[in-house]
*Asks:* 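Shown below is the structure under consideration.
As the structure is a computational prediction, the values presented were derived from the model and not from experiment. Sequence positions, counted from 1, serve as the residue numbers for this chain.
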Amino acid sequence: MELENNDNAVLAGDIMTEPMDIMQVNKKVILGPGLRIDGNTIRASKCGQLKIKAPNTFWVDAHQRRYVPNRGELVIGVVIAKAGDIFRLDIGSNDTASLSYMAFEGATKKNRPDVNVGDIVYARLLIAHSDVEPELVCVDSHGKKGKLGVLHEGFMLCCSLNLVRKILNPKCTFLSLLAKELAFEMAAGMNGRIWIRGKTIKETIAVGNAILALEYVSNDRIRDLCTDIGAYVSGFVK
């Protein structure tokens, strides 16, 4: 399904007629972030641009930084405390998230993971509810860690949630083009945090600057951005 270009700016409280028209013909509508049902009316709950993914998915795209946890999403958290068998992580939401030492691959009472206060952790939200503290795990459904766990020797930057979604969009060519210019590792959290690691500190900073600049670059200028960053680093190294 194609993502339709839709530049309709909406304000919190605005009535959304497009999804309501679909509902009136007894068709299913999927409402994403920024939309809520108020009786028989669908309203925007935040300011932004109304986006539509054909045929029936709607959401509001906003440049927000406050993260609202959603079950199953990958996030990047910072360990801020250890309380017994639980680690407390800051994931950029209103509440801290909990991470059990047993939520790591191969963890046992005798074989505990090496996690310390200040560590950056890439994890998945197992529980996310407005009335319950968010809970994280560093394994998949098969008990394997994959790319989850503590992220070492890199740099974490904070950005808008919109930028993360833009980078992770399958149609976005940014990562593939930048990888042709520089070698780097990256982990993107849906909570507006991105961890990066290049071959050198200078290359890591260059990748970070490219990522932050992407938010204000149109799709047809992404190639130029990546080329400029690669040329800058090459010249700087020389």
*Asks:* Going through the distances and angles, do I80 and F87 end up as a side chain to side chain contact (heavy atoms under 4.5 Å, CB included)?
*Replies:* CA-CA 8 Å; I80 58 176; F87 302 105; over 6 Å; no
*Asks:* Starting from L225, can I reach I194 by hopping between I/L/V/M/F/W/Y residues whose side chains sit under 4.5 Å apart?
*Replies:*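 Cluster IDs for I194 and L225 match.
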*Asks:* Between Y232 and E181, does any side-chain donor sit less than 3.5 Å from a side-chain acceptor?
*Replies:* no
*Asks:* Should R112 and D85 count as an ion pair when the cut-off is N to O under 4.0 Å?
*Replies:* yes
*Asks:* Should we say atom CG of N40 is surrounded by more than 12 heavy atoms from elsewhere, each under 6.0 Å from it?
*Replies:* no
*Asks:* Could you tell me whether a side-chain N or O of D38 sits under 3.5 Å from a main-chain N or O of I42, the two making a donor and an acceptor?
*Replies:* no
*Asks:* Does any non-hydrogen side-chain atom of R223 lie less than 4.5 Å from one of T173?
*Replies:*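 T173 does not reach R223 side chain to side chain.
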*Asks:* Can you tell me how far apart NZ (K180) and CG (L178) are? Round to the nearest 0.5 Å.
*Replies:*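 That separation rounds to 11.5 Å.
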*Asks:* When you measure from the side chain of D140 to the backbone N and O of G146, does any donor-acceptor pair fall under 3.5 Å?
*Replies:*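 Side chain of D140 to backbone of G146: no pair is present.
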*Asks:* Okay, side chain of H142, backbone of K144: is any donor-acceptor separation there less than 3.5 Å?
*Replies:* no
*Asks:* Which pair of heavy atoms, one from D14 and one from L11, lies closest together, and at what distance?
*Replies:* OD2-N, 2.8 Å
*Asks:* Give, for atom SG of C172 and atom CZ of R165, the distance between the pair rounded to the nearest 0.5 Å.
*Replies:*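 With rounding to 0.5 Å, SG (C172) is 13.5 Å from CZ (R165).
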*Asks:* Grab the two heavy atoms, one from T96 and one from E133, that are nearest each other, plus how far apart they are.
*Replies:* O-CG, 3.4 Å
*Asks:* How far does CG of N56 sit from CD of E18, to the nearest 0.5 angstrom?
*Replies:*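 CD of E18 is found 13.5 Å from CG of N56.
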*Asks:* Quick one: name the residues clustered hydrophobically with I205, using the 4.5 Å side-chain heavy-atom rule over I, L, V, M, F, W, Y, and just say none if it's on its own.
*Replies:*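 Members alongside I205: I201.
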*Asks:* Report the C-alpha distance between I222 and L177 in whole Å, list the side-chain angles of each, state the deciding distance to 0.1 Å, and finish with yes or no for side chain to side chain contact (heavy atoms under 4.5 Å, CB included).
*Replies:* CA-CA 8 Å; I222 291 179; L177 292 175; 4.0 Å; yes
*Asks:* Does any part of the side chain of V68, heavy atoms only, come nearer than 4.5 Å to the side chain of S93, both counted from C-beta?
*Replies:* no
*Asks:* Set out, in order, the CA-CA distance, both residues' side-chain angles and the distance that settles side chain to side chain contact (heavy atoms under 4.5 Å, CB included) for R88 and S98, then state yes or no.
*Replies:* CA-CA 5 Å; R88 298 287 178 189; S98 64; 3.7 Å; yes
*Asks:* Which heavy atom of Y122 sits nearest a heavy atom of K147, and at what distance?
*Replies:*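 Taking Y122 first and K147 second, the nearest heavy atoms are CD2-O, 3.5 Å.
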*Asks:* Would you check if V233 and L182 make a side-chain contact, meaning some heavy-atom pair closer than 4.5 Å?
*Replies:*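 Counting from C-beta outward, V233 and L182 do come under 4.5 Å.
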*Asks:* Indicate, with yes or no, if V217 and L157 share a hydrophobic cluster defined by side-chain heavy-atom contacts under 4.5 Å among Ile, Leu, Val, Met, Phe, Trp and Tyr.
*Replies:*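 Linked within one cluster.
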*Asks:* Scan side-chain atoms only and decide if S160 and N162 contain a donor-acceptor pair under the 3.5 Å cut-off.
*Replies:* no
*Asks:* Please answer: with hydrophobic residues joined when any side-chain heavy atoms are less than 4.5 Å apart, are I120 and I91 in the same cluster?
*Replies:* no
*Asks:* What I'd like to find out is whether the side chain of Y67 reaches to under 4.5 Å of the side chain of E73, using heavy atoms alone.
*Replies:*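 The answer is yes; the side chains approach within 4.5 Å.
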*Asks:* Are M16 and L50 close enough that some pair of their side-chain heavy atoms sits under 4.5 Å apart?
*Replies:*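 Yes, side chains in contact.
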*Asks:* Looking at every non-hydrogen atom in both residues, tell me the closest pair between G192 and L161 and how far apart they are.
*Replies:* N-CD2, 3.4 Å
*Asks:* Taking the side chain as every heavy atom from C-beta outward, state whether I167 and M186 have any pair of such atoms under 4.5 Å apart.
*Replies:*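 They are in side-chain contact.
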*Asks:* Hey, does the side chain of D119 reach the backbone of N116 with a donor-acceptor pair shorter than 3.5 angstrom?
*Replies:* yes
*Asks:* Thinking salt bridges, do D90 and R193 make one under a 4.0 Å N-O criterion?
*Replies:* yes
*Asks:* Does S45 offer a backbone N or O that forms a donor-acceptor pair with the side chain of R36 under 3.5 Å?
*Replies:* no
*Asks:* By side chain to side chain contact (heavy atoms under 4.5 Å, CB included), which residues pair with K166, not counting sequence neighbours?
*Replies:*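 Checked K166 against side chain to side chain contact (heavy atoms under 4.5 Å, CB included); matches are L214, N219.
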*Asks:* Are F174 and I211 packed together at the side-chain level, in the sense that at least one heavy-atom pair is separated by less than 4.5 angstrom?
*Replies:*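 In contact.
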*Asks:* Kindly give the heavy-atom pair with the smallest separation between G189 and V164, and that separation in Å.
*Replies:* O-CG1, 3.3 Å
*Asks:* Apply side chain to side chain contact (heavy atoms under 4.5 Å, CB included) to L31 and I37, showing your working.
*Replies:* CA-CA 9 Å; L31 301 180; I37 297 178; 3.6 Å; yes
*Asks:* Going hydrophobic residue to hydrophobic residue with side-chain gaps under 4.5 angstrom, can you get from W195 over to V121?
*Replies:*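 Different clusters: W195 never reaches V121 through Ile, Leu, Val, Met, Phe, Trp or Tyr contacts under 4.5 Å.
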*Asks:* Quick test of your reading of the model: are E135 and R71 salt-bridged, counting only N-O distances below 4.0 Å?
*Replies:* no
*Asks:* Quick check: is I86 connected to V78 through a chain of hydrophobic side chains (ILVMFWY, heavy atoms under 4.5 Å apart)?
*Replies:* no
*Asks:* So which heavy atom on C159 is nearest to which on L212, and how close?
*Replies:*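 Minimum heavy-atom contact is CB-CD2, 4.2 Å.
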*Asks:* Can you tell if the side chain of R124 reaches within under 4.5 Å of the side chain of L126, non-hydrogen atoms only?
*Replies:* no
